[in-house]
K.L.:
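Pasting in a structure now, in structure tokens, and then I'll have a few things to ask.
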Amino acid sequence: MNLRQMEVFRAIMLTGSVTGAAELLHLSQSAVSKMLSHTQQRSGLKLFELVKGRLVPTSAAKQLYEEVERLWRNVEKVHTLSKELADPTRGNLYVAASLSLGTTVVPLSVADTIKEHSELQVKVILPLPNQLIDVVADKIVDIGISTFAANHPSIDVHARFTCPLVCIMAPNHPLATLRRIRPRDLVGHRLISVPFQELYGLSEEKVYGEALEDLNKGLEVRSSLIASLFSRATGEVAVVDALAISDTLVPPLEIRPLVTDESIDINVIHNRYKPLSPQALLFQELLVFRLQQYCGGMQGQMA
């Protein structure tokens, strides 16, 4: 599979259709169809099934996609490096962050950095936690801010912080009368939940204890930020990481500490074999300063 075939295959996997892939790549639909047909003929693999008007990947395509994504990241790395070598004065900063951090402390830290380097070109991606570790290990980004432990031989943890779990809800919610909320207090109320294991490496059993089996998890979403938006829309209670709360994004909500022994680890990481540019070092310093303010303030409020 050559580079153009990889690009078309990846676009179809992302969009689920020839039409979507054509729009993404700015190609004609016939060109995408021909490239897909040629790829399947040359490889001898059936990559997609047509189901209700959408191209559904086969098991072979799913396995192939994992390797294509890994190779594509390296292609992007070469492209980025060539641009940096062509214009060394401008400077680039590439950051990977978990979703809740990517919508709170990261924008503020990026803004602080740009004040010092107005020509800086910044790219921020918000991958899933396991993918975030990969892009740092593969030297795709300069700095990573992860809510997962970074157990990788090529990754250094520059700083580590602890973020509590909190309950958010409408001001008129019955639980808003409580100063702190225990897991057992959530029983009898419809709960907006997030996948703690997938996002933070935490088990629900440890977060909620014996109350878990009695909880009404009426709605599950994929991030604390989305849970915050749903809480604002419905007024229902959600359990999220405290850094996902932003007054500008989801006002007005009541916030109460969740009484649990579990908390979220935030790791500022980088690849030990990739030297950080002056811009990346400044961003890292400003990010750590912001996290010290946020996390220190939160723990003071929790006390």
Side-chain angles (χ1 to χ4, degrees), residues 65-81 83-84 91-110 112-113 117 120-164 194-203 222-225 241-244 262-296:
Y65 180 66
E66 293 183 9
E67 190 60 31
V68 166
E69 275 296 289
R70 188 179 301 276
L71 291 171
W72 196 258
R73 289 200 297 266
N74 286 325
V75 170
E76 290 184 332
K77 183 166 63 175
V78 172
H79 178 65
T80 298
L81 179 59
K83 289 175 64 178
E84 291 176 354
N92 295 277
L93 173 65
Y94 299 94
V95 179
S98 68
L99 184 56
S100 59
L101 294 165
T103 54
T104 51
V105 294
V106 170
L108 295 171
S109 302
V110 167
D112 291 339
T113 308
H117 297 276
L120 183 65
Q121 299 292 300
V122 183
K123 180 177 181 181
V124 179
I125 59 174
L126 308 175
L128 292 174
N130 59 327
Q131 296 172 341
L132 193 154
I133 300 299
D134 288 342
V135 296
V136 176
D138 291 342
K139 302 181 182 178
I140 305 299
V141 300
D142 301 303
I143 305 290
I145 309 97
S146 174
T147 53
F148 251 50
N151 298 318
H152 194 284
S154 66
I155 289 179
D156 276 340
V157 178
H158 175 73
R160 184 178 287 113
F161 299 89
T162 299
C163 172
V194 298
F196 288 119
Q197 182 64 47
E198 179 181 328
L199 296 178
Y200 310 116
L202 301 179
S203 72
R222 307 310 294 171
S223 75
S224 286
L225 174 62
D241 69 89
L243 276 173
E262 294 298 289
S263 60
I264 296 165
D265 287 331
I266 298 171
N267 300 282
V268 179
I269 60 178
H270 62 265
N271 191 300
R272 66 178 59 180
Y273 303 112
K274 180 180 181 180
L276 294 179
S277 67
Q279 296 91 335
L281 286 169
L282 175 61
F283 170 78
Q284 183 174 255
E285 177 185 341
L286 294 169
L287 174 70
V288 168
F289 176 73
R290 288 278 183 183
L291 285 169
Q292 287 172 338
Q293 287 184 312
Y294 272 69
C295 296

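This structure is a prediction, so every number in the text was calculated from the model and none was measured.
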K.L.:
Would you name the heavy atoms of Leu128 and Glu198 that are closest together and state the gap between them?
P.N.:
CD2-OE2, 3.9 Å

K.L.:
Quick check against the 3.5 Å criterion: does Thr104 have a side-chain atom that pairs as donor or acceptor with the backbone of Leu243?
P.N.:
yes

K.L.:
Looking only at atom types and distance, does a side-chain atom of Asn271 sit under 3.5 Å from a main-chain N or O of Ala137, one as donor and one as acceptor?
P.N.:
yes

K.L.:
Verify side-chain contact (heavy atoms from CB on, under 4.5 Å) between Ser146 and Ile133, making sure each step is shown before the conclusion.
P.N.:
CA-CA 8 Å; Ser146 174; Ile133 300 299; 3.9 Å; yes

K.L.:
Are Ser224 and Tyr200 close enough that a side-chain donor and a side-chain acceptor fall under 3.5 Å?
P.N.:
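Distance-only check passes for Ser224 and Tyr200.
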
K.L.:
Between Ser98 and Leu126, which heavy-atom pair has the shortest distance, and what is it?
P.N.:
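What the structure gives for the nearest pair is O-CD2, 4.0 Å.
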
K.L.:
Carefully, step by step, assess Gln284 and Val268 under the rule side-chain contact (heavy atoms from CB on, under 4.5 Å).
P.N.:
CA-CA 8 Å; Gln284 183 174 255; Val268 179; 4.2 Å; yes

K.L.:
Let me confirm one number: the CD1-CG distance from Ile269 to Asp156, rounded to the nearest 0.5 Å.
P.N.:
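Nearest 0.5 Å value for the CD1-CG distance: 10.0 Å.
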
K.L.:
Rounded to the nearest 0.5 Å, what separation is found between the OH atom of Tyr294 and the CG atom of Leu108?
P.N.:
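If I round to the nearest 0.5 Å, the distance is 4.5 Å.
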
K.L.:
Looking at every heavy atom in both Thr147 and Leu199, which two are closest together, and how far apart are they?
P.N.:
OG1-O, 2.8 Å

K.L.:
Test side-chain contact (heavy atoms from CB on, under 4.5 Å) on Ile143 and Val136 and set out the steps.
P.N.:
CA-CA 7 Å; Ile143 305 290; Val136 176; over 6 Å; no

K.L.:
Please round to the nearest 0.5 Å and tell me the distance separating atom CG of Asp241 and atom CD1 of Ile266.
P.N.:
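With rounding to 0.5 Å, CG (Asp241) is 7.0 Å from CD1 (Ile266).
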
K.L.:
For the pair Asp265 and Arg160, find out whether any cationic side-chain nitrogen is under 4.0 Å from an anionic carboxylate oxygen.
P.N.:
no

K.L.:
Less than 4.5 Å apart, any side-chain heavy atom of Val95 and any of Phe283?
P.N.:
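Yes, their side chains come closer than 4.5 Å.
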
K.L.:
Are any non-hydrogen side-chain atoms of Asn92 and Lys123 less than 4.5 angstrom apart?
P.N.:
no

K.L.:
Roughly how far, to the nearest 0.5 Å, is the CD1 atom of Ile145 from the CG atom of Leu132?
P.N.:
7.5 Å

K.L.:
Could you tell me which non-hydrogen atom of Val157 sits nearest to which non-hydrogen atom of Ala150, and how far apart they are?
P.N.:
CG2-CB, 4.4 Å

K.L.:
Any chance you could lay out the side-chain contact (heavy atoms from CB on, under 4.5 Å) test for Val194 and Arg222, step after step, and finish with the verdict?
P.N.:
CA-CA 6 Å; Val194 298; Arg222 307 310 294 171; over 6 Å; no

K.L.:
Please check if the side chain of Asp142 supplies one atom and the backbone of Tyr94 the other of a donor-acceptor pair under 3.5 Å.
P.N.:
yes

K.L.:
How long is the gap from CD on Glu285 to OG1 on Thr113, to the nearest 0.5 Å?
P.N.:
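Spacing of CD (Glu285) from OG1 (Thr113) equals 9.5 Å.
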
K.L.:
Please report the closest heavy-atom contact between Val124 and Val110, naming both atoms and the distance.
P.N.:
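So the minimum-distance heavy-atom pair works out to CG2-CG2, 4.4 Å.
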
K.L.:
Hey, are the side chains of His270 and Leu276 touching, using non-hydrogen atoms and a 4.5 Å cut-off?
P.N.:
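Yes, at least one pair of side-chain atoms sits under 4.5 Å.
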
K.L.:
Would you say that Gln197 contacts Leu202 through its side chain, given a criterion of any heavy-atom pair below 4.5 Å between the two side chains?
P.N.:
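No, their side chains stay 4.5 Å or more apart.
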
K.L.:
Please report the closest heavy-atom contact between Pro153 and Tyr273, naming both atoms and the distance.
P.N.:
O-OH, 4.4 Å

K.L.:
Measure the spacing between CZ of Phe196 and CD1 of Ile264 and express it to the nearest 0.5 Å.
P.N.:
7.0 Å

